[in-house]
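Each remark here refers to the structure printed beneath this line.
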Amino acid sequence: MKVLVTAGPTREKIDAVRFLTNRSTGKMGYALAEAARDAGHEVTLVSGPVALAVPRGITLVPVESAAEMAEAVKERAPQMALVIMCAAVADYRPKLVVAGKMKKREGDLVLELERTEDILKSLGRMKPDGQLLVGFAAETDDLLANAAEKLEKKNLDWICANDVGRSDIGFGSDENCVTLLGRDGRRYGIGPDTKRAVAEAILEIVTDSGQ
Ligand code: CTP
Ligand code: CA
């Protein structure tokens, strides 16, 4: 099966030397891409900037900003049987990018931010018949209710509810614990386990779903 996975954070430029980003390390997305490859799938990995080794036997598409990720993903998604949006895409970017390095001045600085495109929502709107679309929900509060709402609003088949408020697992760690919610109401608790094992379990469930 042709599989597209996104991973890592995005970087939104403020000026020539500064950007806005988040704590995603890309480990969960890379684990999903590698597990899909090892299950015999043809994998494309669209990745924000991470400090991980380039996986063998996978087509890697490196991107920086949410806009670049949107372009790379939307161009490839129509050909994919399974798309998993694991990337921690920035929700906002600076409205104006300063050319060169910004100089400091007296007083406070206010950065005006504008919304980025919700890539997953766009994918949900353009989803071809038979494609499986999987999202992640990073939440610190009301995990399952918020994840279920995203599943519905973005027209997904599955969503992995990820409690990012925990300091022991999740962001940055080698382990994760998720609840996988299906659009048909099915619910699976996965982990705590290595991100690789969590990735294998997610893939097994979503590819067995026969949709
Ligand atoms: N996502 C996306 N494009 C964005 C923001 C998020 O494709 N601009 C995707 C993420 O990759 C993830 C899913 O949407 O698969 C949910 O991301 P999350 O940050 O949990 O939810 P948001 O919809 O951005 O809402 P909020 O951050 O306010 O909870
Ligand atoms: Ca978000």
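Order of listing sets the numbers, starting from 1, for every ligand and every atom in it.
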**Item:** Shortest protein contact, atom 15 (O) of ligand 1 (heavy atom only)
**Value:** Met85 O, 2.8 Å
**Asked** In this structure, which one of Glu112, Glu64, Glu68, Glu114 forms a salt bridge (charged side-chain N to carboxylate O under 4.0 Å, His left out) with Arg93?
**Response** Glu114
**Message:** Please report the interatomic distance CG(Leu20) to CD1(Ile14), rounded to the nearest 0.5 Å.
**Reply:** 4.0 Å
**Prompt:** Which is closest to atom 10 (C) of ligand 1 in terms of heavy atoms, Cys86, Ala137, Ala87?
**Reply:** Ala87
**Prompt:** For atom 3 (N) of ligand 1, what is the nearest protein heavy atom, given as residue, atom name and distance?
**Reply:** Ile119 N, 3.0 Å
**Asked** When you check the gap from the basic side-chain N to the acidic O, do Glu117 and Lys74 get nearer than 4.0 Å?
**Response** yes
**Asked** Which bit of Lys121 is near ligand 1, meaning a heavy atom under 4.0 Å away: side chain, backbone, both or neither?
**Response** neither
**Asked** Looking at atom 1 (N) of ligand 1, what's its closest protein heavy atom, distance included?
**Response** Asp118 OD1, 4.0 Å
**Request:** With atom 24 (O) of ligand 1 as the reference point, say which of Leu123, Thr10, Asp91 has the nearest heavy atom.
**Result:** Asp91
**Request:** Check whether any side-chain N or O of Thr116 sits under 3.5 Å from a backbone N or O of Ala66 as a donor-acceptor pair, and report yes or no.
**Result:** no
**Prompt:** So Ile159 and Val134, side chain to side chain contact (heavy atoms under 4.5 Å, CB included) or not? Walk me through it.
**Reply:** CA-CA 6 Å; Ile159 195 154; Val134 183; over 6 Å; no
**Asked** Is it true that a side-chain atom of Lys2 and a backbone atom of His41 form a donor plus acceptor pair closer than 3.5 Å?
**Response** no
**Request:** With heavy atoms of Thr116 as the reference, note each atom of ligand 1 found under 4.0 Å away.
**Result:** 8 (N)
**Request:** Taking Asn176 for its side chain and Met28 for its backbone only, find out whether a donor-acceptor pair lies under 3.5 Å.
**Result:** no
**Message:** Determine whether a donor-acceptor pair (N or O, by modelled atom type, separation under 3.5 Å) exists between the side chain of Lys127 and the backbone of Asn155.
**Reply:** yes
**Prompt:** What's the shortest distance from atom 8 (N) of ligand 1 to any protein heavy atom, and which residue and atom give it?
**Reply:** Glu117 O, 2.8 Å
**Fill in**
With heavy atoms and a 4.0 Å threshold, my read on which part of Ala90 contacts ligand 1 is backbone
**Prompt:** So which protein heavy atom does atom 16 (C) of ligand 1 come closest to, and at what separation?
**Reply:** Phe136 O, 2.8 Å
**Message:** Using heavy-atom distances only, which candidate in Lys154, Lys153, Lys150, Arg93 approaches atom 29 (O) of ligand 1 most closely?
**Reply:** Lys150
**Minimum non-hydrogen distance to atom 9 (C) of ligand 1, winning option of Ile84, Leu133, Leu120** = Leu120
**Request:** Using atom types as modelled and distance alone, determine if a side-chain donor or acceptor of Thr6 lies under 3.5 Å from a backbone N or O of Val46.
**Result:** no
**Message:** Is it the case that ligand 1 has an N or O less than 3.5 angstrom from some N or O of Gly135?
**Reply:** no
